[in-house]
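Have a look at the structure below before the remarks.
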Protein chains: 2
Amino acid sequence: MNERSVTLRDVAKRAGVHPATASRALNEETRARGLVNSDTVARVMQAARELNYSPDPVARSLKTRRSHTVGVLIPDLTNPLFPPIIRGIEDRLAQSGYVALLGNTDNDPDREKLVLSGMRTRRVDGLVLATARRRYSVLSELNMGDLPIVLVNRVVEDRALPSVATDDAAGIAMAVTHLVSLGHTRIAHVAGPQELSTGAGRLSGFIMAMEAAGLEVGSESITYAENFSVAAGTKCCRELVAHKLHPTAIVAGNDMLAIGCYQALEESGLKCPADVSVVGFNDISFSSRLSPPLTSVRFPHYQVGIEVAQLILERIQAPTAPTKVLFLPPELVVRGSTAKVATP
Amino acid sequence: MNERSVTLRDVAKRAGVHPATASRALNEETRARGLVNSDTVARVMQAARELNYSPDPVARSLKTRRSHTVGVLIPDLTNPLFPPIIRGIEDRLAQSGYVALLGNTDNDPDREKLVLSGMRTRRVDGLVLATARRRYSVLSELNMGDLPIVLVNRVVEDRALPSVATDDAAGIAMAVTHLVSLGHTRIAHVAGPQELSTGAGRLSGFIMAMEAAGLEVGSESITYAENFSVAAGTKCCRELVAHKLHPTAIVAGNDMLAIGCYQALEESGLKCPADVSVVGFNDISFSSRLSPPLTSVRFPHYQVGIEVAQLILERIQAPTAPTKVLFLPPELVVRGSTAKVATP
DNA sequence: CAGATTTCTACAAACGATTGCTATGATTGC
DNA sequence: GCAATCATAGCAATCGTTTGTAGAAATCTG
């Protein structure tokens, strides 16, 4: 019943060897280095199997200083962007015997510091940050300089940290091109927070794409959201429609902002897409079920998670490996929220 | 820079005491038992503060056999029902210095076994299960009988395990009553998987509520979904509309199934809510943004998470405490997917 | 004031693994 | 045939805590 959990000593005793030998026999690397006879290896493994031995990760961690754990910091799990990414991360980590420790920061620097220091004392082997501001000070403050780090969906300004993200500019360009092909010329942008890399990247992508299309982009065609929320989107969109430039299309910084636009348009009696087309970014689940179904820039969330985990594992193995910055291609999913511009 | 992490020995040395004394001085309980002089307590705590000491949880776990970690098993993080629950759990756990270890099972018993045994070797102090079938064998199989367990959103048949959930029957009853008050009499049910407690509880709630309303519920007014997915909902709804009983309202086992109904209705050229009203369950985020906005039974997800964490913490403290079964009240959110029955 | 009792603190042994070093045969070279 | 080399396995220390026990002060008791 309450079988006292079987330890390495038990295995060793059963195999008739010293615990140290048993340890080496069960350890891939030392075995490979030929430090132990293949006969005894077989005997030990047999014993381990018979006893259904599994090593105590706690004891192991204490000695090896590795927890086989990586901390994953996100603003808020409730944001539908993150669950698929997290699943990707966890699935890939599990393959290598690692687990993820989640931490929600709610975009609050204090909370972020708290969570981070908690992760440090829990001795995570690496850190995945989906919360990075463009300039990142928290890390150095907390003296976790030696910890492997990978960013998700965010890039720091100087690209000094490895990261996985989609090409924001390319995605926005696809949106703009799509709108232009529908005949739109008065295209506005609801920009996300500029201290976040996505917010800034998408704004500059918007400007570049507009210029490439030969369209003017004045200051009145851009509004800045305080954060990536529905409410902020509504607020911004209200400004846009109130202004004299009557945009026929809006490129939102993400889907939340786009949904906010829906609401503001409704309030002002404008129809989407008949009067104003709207494009989002992220293609969160259920965006196809919105009314109207949202045209959005999609990128492979789950795959991003996989790649992130891959990267952090690599860096844990070889902390000094070159700093990879990986971009996954975006894709425009055209749905009902964009339409040909109404002939005036 | 690379300050060798400060250990208990350092603190002890600085305070001029033996490490054991330092340990006791820093430990709430032993201190309370008066095992150490209050002077030395002060001195040790001072030293600890000066050195910015934080105990190594790994070493501590090794000795105390407690990991300050609880495993949380869910079918799929991607299901929008779970993120708010998880946040509740994590937030409450964090308050007590615990962390959650997530595990996705995809409703696959094998995967479930795998994840569970992983959690056991990681020495979780407790288990939160959102995946429980009505009869639960996996646990005994894995010989984790002594581990504290709490169920979320699921109840086992004999209520032998503590759990937190909403009152499924009451929620469904609210839905049925609402529909009846709108004049509906031909009300059908898309039932979830019957091996899950929610599936079964909502079905029996449906039957009871219908009888209470004096309405017949024949076998043709119930279809069974294989799982809680949009696709399964579509399939079931197709059957319902194809059948001779032409229901004017459908109570779906959850929101996913309800969305599936939307799709099937659309296919058959039926309008919701003009021709058929639909009610969901869970009120996942964005259900208000669906087309039409979904009427759904809501319960406080985040709060459920809080309560669950509370319960598992209690049980970790006192494993033999009485088995609480907590029900949180549901609430009907009426939106655009339900309407008065069309006069025939 | 001697002895019994109470308070505290130090010692040392765990917890379960890993790992540098040493010891033992066996093997080889000359 | 003896020294040097090599392949294995054992010994013991260690990671950073916690905790049972022993012993030294300090306090109390009669």
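Order of the sequence lines sets the chain letters (A, B, ...), proteins ahead of strands, with each chain counted from 1.
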Would you kindly give the [atom1]-to-[atom2] distance between [X] and [N], to the nearest whole Å?
X: B/His68; N: D/dT17; atom1: NE2; atom2: C1'; value: 13 Å
X: A/Leu35; N: C/dC21; atom1: CG; atom2: P; value: 13 Å
X: A/Lys13; N: C/dG16; atom1: NZ; atom2: C1'; value: 14 Å
X: A/Arg66; N: C/dT18; atom1: CZ; atom2: C1'; value: 14 Å
X: A/Lys63; N: D/dA13; atom1: NZ; atom2: C1'; value: 7 Å
X: A/Arg60; N: D/dT17; atom1: CZ; atom2: C1'; value: 20 Å
X: A/Arg65; N: C/dG16; atom1: CZ; atom2: C1'; value: 15 Å
X: A/Asn27; N: C/dT19; atom1: CG; atom2: P; value: 7 Å

Is a donor on one side and an acceptor on the other found under 3.5 Å between the side chain of B/Ser96 and the backbone of B/Leu93?
no
When you match B/Arg43 and A/Arg9 each to their closest nucleotide on DNA chain C, which lands nearer the 5' end?
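The answer here is B/Arg43.
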Lys/Arg N to Asp/Glu carboxylate O, [X] vs [Y], below 4.0 Å:
X: B/Arg87; Y: B/Asp91; result: yes
X: B/Arg123; Y: A/Asp56; result: yes
X: B/Arg92; Y: B/Glu307; result: no

May I ask you to verify if any side-chain N or O of [X] is less than 4.0 angstrom from the OP1 or OP2 atom of [N]?
X: A/His18; N: D/dC11; value: yes
X: A/Ser61; N: C/dA17; value: no
X: B/Arg24; N: C/dA10; value: no
X: A/Thr21; N: D/dG10; value: yes

Nearest 0.5 angstrom please: B/Ile316 CD1 to B/Leu311 CG, how far?
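Answer rounded to 0.5 Å: 10.5 Å.
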May I ask you to say what [X] touches in the nucleic acid, namely base, sugar-phosphate or nothing, with a heavy-atom cut-off under 4.0 Å?
X: A/Ser23; result: base
X: B/Thr40; result: sugar-phosphate
X: A/Val58; result: nothing

State which of [options] makes the closest approach to the side chain of [X].
X: B/Thr64; options: C/dG16, D/dA9, D/dT18; answer: D/dT18
X: B/Asp56; options: D/dG16, D/dA12, D/dA9; answer: D/dG16
X: B/Val36; options: C/dA17, C/dT9, D/dC11; answer: C/dT9
X: B/Ala20; options: D/dC15, D/dT19, D/dG16; answer: D/dT19

Per nearest nucleotide of DNA chain D, the residue lying toward the 5' end, B/Leu62 or B/Thr30, is B/Leu62
